[in-house]
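Throughout, a chain's letter reflects where its sequence line sits, starting with A, and its residues are numbered from 1.
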Amino acid sequence: MDRLFTDQLGEWKRSCYCGEPRAVGVGREMIFVGWAQTRRDHGGLIFVDLRDRSGLVQVVFNPEVSAASHEKAKQIRSEDVIAVRGLLSRRPPETVNRQLGTGEVELLVHEVKLLNASQVPPFPLDDYAEVNENTRLKYRYLDLRRPESLAHLLLRYRMVKKIRDYLDGLGFIDVETPVLTKSTPEGARDYLVPSRIYPGKFYALPQSPQLFKQILMVAGLDRYYQIVRCFRDEDLRADRQPEFTQLDIEMSFIQPKDVIEMVEGMMARLFKELKGIDLRLPLLRLTWQEARARYGTDKPDVRFGLELKDFSACFQQSQVRVFSAVLQGGGMVKGLSVPGGGTLSRKELDDLTAFVANYGAKGLAWIKLADGEWQSPIAKFLSDQERSGILTITGAKNGDIIFFVAADDPVTHDALANLRLHLGEKLGLIPQDRYALVWVVDFPLLEYSAEEKRHVSVHHPFTAPLDEDIPLLATAPLKVRSKAYDLALNGVEVGGGSIRIHQVEMQKQLLGLLGIDADEAEAKFGFLLEALSYGAPPHGGIAFGIDRLAMILSGAKSLREVIAFPKSQRAVCLLTEAPSSVDPKQLRELGIKTIVDK
RNA sequence: GGGGUCGUAGUUCAGCUGGAUAGAACGCCGGCCUGUCACGCCGGAGGUCGCGAGUUCGAGUCUCGUCGGCCCCGCCA
């Protein structure tokens with residue numbers, strides 16, 4: 001039998017949030033509204049924990065205070081919406097609840113209004129229950145009633161507010177840019193929006209407002225920022241959603257260090273005011289080369305050591321065939337030395353071998369140092385010279401294990417970077433309560449794409465080369481470094497940007513290097529090239545992943561925790577069940593015919 | 001597109017090498033209870049074992065396919 005509550009709120013106005021009343025308010029008549037979290041019915045007395053976003057207050061239904069209210073309260077179940085009016089009272093001393101901010105007081109109810117009955121919730125809303133994520137996301141409105149879930153959104157809001165305050169203080173102007181815009185080549189797959197007025201043509205949702213913010217600099221805005229939704233139609237990860245929020249910043253007449261210092265000030269404020277942490281400025285800064293060499297990645301997690309070591313020189317003439325073969329083929333032998341790693345079992349070593357295979361490594365060699373002995377499948381092939389080389393490079397001691405990967409550059413670094421993180425986690429080497437920020441600078445401007453058989457931008461096609469490397473553009477384009485900088489936080493790329501090309505000839509040269517001919521450039525970026533030719537100032541900026549920052553600052557394991565209504569890994573909104581089919585009439589209006597059924 | 005993992009009551013899970021009527025806790029329903037606060041006590045209801053094939057005398061359990069959640073590779077300037 002469905003319960004039906006018909007009371008109306010009427011003139012009742014809440015006195016304060018449920019989590020707020022304290023002993024100083026005792027003796028006042030108060031009204032609370034909210035959701036019944038639990039009801040404890042003692043037959044005579046009924047206690048209800050009334051909850052709203054601020055917390056809990058205990059309300060007491062006593063037949064000697066109000067027989068009518070006590071009678072009504074028997075109907076109350078979890079998640080019903082009720083309003084109570086009564087006397088805020090001090091709890092009897094032996095019943096004070098120290099766990100609760102409101103634990104010294106309770107409301108003696110004189111009158112209750114039953115505003116809306118709830119069905120039995122599909123999962124418990126207390127903090128003790130671990131619930132499957134798909135259930136939580138389907139009933140996200142219930143999930144968000146849980147304080148833990150709400151806290152993530154709250155932290156995110158406070159972070160964004162502080163960012164706005166900071167940038168406002170520095171004279172940045174928030175300007176909105178179009179969401180219906182033009183598809184641009186390079187980069188991720190676009191989300192497309194069909195045009196009704198021009199059948200067969202499409203808008204694209206922005207992957208970022210990159211070109212608009214540059215054009216705002218040409219317009220003389222000087223300092224722009226925006227907190228803006230961006231869209232990329234690529235497969236999802238724990239730290240990747242198809243729509244995500246970017247803090248987009250652009251400034252004129254600046255060098256990389258101006259952006260870096262501005263951002264460091266912002267980070268210092270966020271960490272101070274949100275986490276009570278004093279960042280040491282300037283932040284650690286690594287060149288891209290150094291980050292690759294020491295950590296194997298351009299977004300190193302510098303909360304712990306376990307740095308990569310290069311053994312290439314040591315194994316040039318090695319009897320270990322896989323090593324010498326790879327080296328002769330132009331590859332490298334690198335590895336890492338794990339203090340105390342000698343305890344890893346054979347099974348664990350096999351698992352680690354399978355782990356690096358994920359990243360293309362054909363094998364994982366290892367040496368255990370135990371009681372002066374070298375336990376290793378390759379031990380018998382190692383010369384004395386190699387042994388002493390290994391010890392010098394690693395400083396390894398008894399009880400340690402040394403891993404080796406031999407492959408070409410991307411595979412070696414990729415495999416070891418991931419192995420490093422994996423071992424760091426597995427062996428508990430990563431301090432969980434620390435935040436480590438690091439700038440990575442001087443990225444290469446270009447890399448060669450074997451798949452596309454041309455140069456592609458490492459950052460994006462509008463990134464400026466380092467002044468001293470400009471001559472190399474004509475002679476050795478792959479050696480050119482760029483004025484690009486990324487900020488990594490605990491091994492996650494949270495921000496990235498660059499100084500842009502502001503001279504049209506240089507921009508044309510760059511597009512040429514990317515294999516984009518003049519006609520194509522004109523069709524796709526004509527408006528930008530034209531804008532650059534009308535007195536574009538030197539400019540540059542940076543963009544941050546707001547979701548990622550919020551995720552790390554709130555200690556969440558997934559972006560979904562800091563997004564109110566996230567998509568599942570298959571890019572479905574489990575609440576609304578988007579995407580969905582549409583009425584054939586809508587398709588006709590758009591001049592669209594689908595070629596896939598369902 | 002590929003690899004891994006999970007899917008059993010409303011929820012979280014157990015269910016062995018295939019074997020009798022699929023269990024527990026919490027939640028839910030009914031009863032009792034005036035100081036509980038994850039109340040307590042007594043009783044009860046509740047299952048398309050994700051779905052579909054197959055193997056078998058017999059499938060929650062094995063095989064194949066499929067759908068969905070999560071993690072990863074590819075992809076993501």
Side-chain angles (χ1 to χ4, degrees), chain A residues 1 37-50 56-65 70 77-79 89 91-100 102-103 106 108 119-139 142 184-190 207-208 210 230-242 244 351 354-360 414-415 418 421-422 443-447 449 451-452 455-463 482 484 486 493 496-498 514 543 545 557-558 560 567-570 572 574 577:
Chain A
M1 185 183 67
Q37 173 142 310
T38 53
R39 180 192 54 135
R40 294 178 292 278
D41 186 343
H42 288 236
L45 285 177
I46 296 174
F47 300 95
V48 169
D49 287 340
L50 192 65
L56 284 181
V57 65
Q58 173 164 282
V59 302
V60 187
F61 297 90
N62 186 330
E64 290 160 20
V65 174
H70 179 259
R77 297 291 180 274
S78 287
E79 299 312 307
S89 310
R91 290 193 187 191
E94 66 278 11
T95 68
V96 165
N97 185 343
R98 298 282 167 209
Q99 324 284 339
L100 229 51
T102 60
E106 62 191 6
L108 302 184
Q119 292 194 54
V120 176
F123 53 87
L125 300 193
D126 55 45
D127 288 334
Y128 313 96
E130 291 278 326
V131 183
N132 261 348
E133 212 178 333
N134 52 342
T135 311
R136 289 176 51 206
L137 292 180
K138 181 174 177 189
Y139 300 97
L142 298 178
T184 51
E186 309 278 304
R189 193 177 296 114
D190 286 320
Q207 295 179 25
S208 87
Q210 180 61 35
C230 300
F231 305 86
R232 292 176 192 179
D233 187 4
E234 298 292 350
D235 287 348
L236 288 76
R237 290 286 186 280
D239 62 353
R240 261 164 44 191
Q241 283 271 308
F244 59 99
D351 289 346
F355 178 81
V356 295
N358 268 326
Y359 305 93
D414 211 23
N418 284 291
L421 292 177
H422 185 72
F443 278 69
L445 185 66
L446 301 167
E447 63 190 345
S449 163
E451 191 188 338
E452 299 183 53
H455 295 125
V456 294
S457 297
V458 169
H459 200 61
H460 59 51
F462 318 107
T463 301
S482 68
D486 274 9
E493 181 195 333
S498 64
L514 295 173
K557 289 258 183 312
S558 145
R560 295 183 296 276
K567 306 259 187 304
S568 76
Q569 186 159 53
R570 298 282 305 258
V572 169
L574 295 173
E577 297 187 328

A:Asp49 bridged to A:Arg40 by N-O distance under 4.0 Å: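 A salt bridge is present here (some side-chain N lies under 4.0 Å from a carboxylate O).
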
Pair A:Arg560 + A:Glu133, salt bridge at N-O below 4.0 Å: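 Yes, charged N to carboxylate O under 4.0 Å.
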
How would you label the contact of [X] with the nucleic acid (heavy atoms, under 4.0 Å): base, sugar-phosphate, or nothing?
X	answer
A:Gln119	nothing
A:Ser208	base
A:Glu133	sugar-phosphate
A:Val456	nothing
A:Arg136	nothing
A:Asp233	nothing
A:Arg91	base

Would you indicate which nucleotide in [options] comes nearest to any side-chain atom of [X]?
X	options	answer
A:Asp49	B:C75, B:C37, B:G68	B:C37
A:Val120	B:G1, B:G69, B:G27	B:G27
A:Ala238	B:U11, B:C39, B:C72	B:C72
A:Val572	B:G69, B:C33, B:C72	B:G69
A:Glu106	B:C33, B:G35, B:C29	B:G35
A:Arg240	B:C73, B:C75, B:C28	B:C75
A:Asp235	B:G68, B:C76, B:C75	B:C75
A:Glu64	B:C73, B:C70, B:U34	B:U34

Do the side chains of [Y] and [X] get nearer than 4.5 Å, heavy atoms only?
X	Y	value
A:Glu79	A:Leu125	yes
A:Leu142	A:Pro122	yes
A:Pro242	A:Arg189	no

Whether A:His422 and A:Phe355 hold their rings parallel, tilted or perpendicular, with breakpoints at 30° and 60°: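 Geometry flag for A:Phe355 against A:His422: parallel rings.
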
Taking only the [atom1] atom of each, what is the distance from [N] to [M] in whole angstrom?
N	M	atom1	result
B:C57	B:C42	C1'	45 Å
B:U8	B:G46	C1'	14 Å
B:G50	B:U5	C1'	16 Å
B:G74	B:G3	P	15 Å
B:A9	B:C49	P	9 Å
B:G47	B:C13	C1'	15 Å
B:C71	B:A14	C1'	25 Å
B:G15	B:G7	P	10 Å

Check nucleotides 4-10 of chain B for protein N or O atoms closer than 3.5 Å to its own N or O atoms and list the pairs.
residue	atom	partner	partner atom	Å
B:G10	O2'	A:Pro122	O	2.6

Stacked pair A:His42-B:C39, distance under 5.5 Å, angle under 30°: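 Stacking is present between B:C39 and A:His42, given that their ring centres fall under 5.5 Å apart and the planes under 30°.
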
A:Val60 or A:Val458, whichever maps to the more 5' nucleotide of RNA chain B: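 Going by which nucleotide is closer to the 5' end, it is A:Val60.
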
Given RNA chain B, 5'-ward residue of the pair A:Glu94 and A:Arg39, judged by closest heavy atom: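 Residue closer to the 5' terminus by nearest nucleotide: A:Glu94.
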
Please determine if a side-chain N or O atom of [X] lies less than 4.0 Å away from the OP1 or OP2 oxygen of [N].
X	N	value
A:Arg237	B:C73	yes
A:Thr38	B:C39	yes
A:Gln58	B:U36	no
A:Arg77	B:C29	yes
A:Arg40	B:U36	no
A:Arg570	B:G68	yes

Side-chain donor/acceptor of A:Arg39 to backbone N/O of A:Ile46, under 3.5 Å: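 Judged by distance alone, no pair lies under 3.5 Å.
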
Interatomic distance where [atom1] belongs to [X] and [atom2] belongs to [N] [whole Å]:
X	N	atom1	atom2	value
A:Leu137	B:G68	CG	C1'	13 Å
A:Leu108	B:G35	CG	P	15 Å
A:Gln569	B:C76	CD	P	17 Å
A:Asn418	B:C72	CG	C1'	10 Å

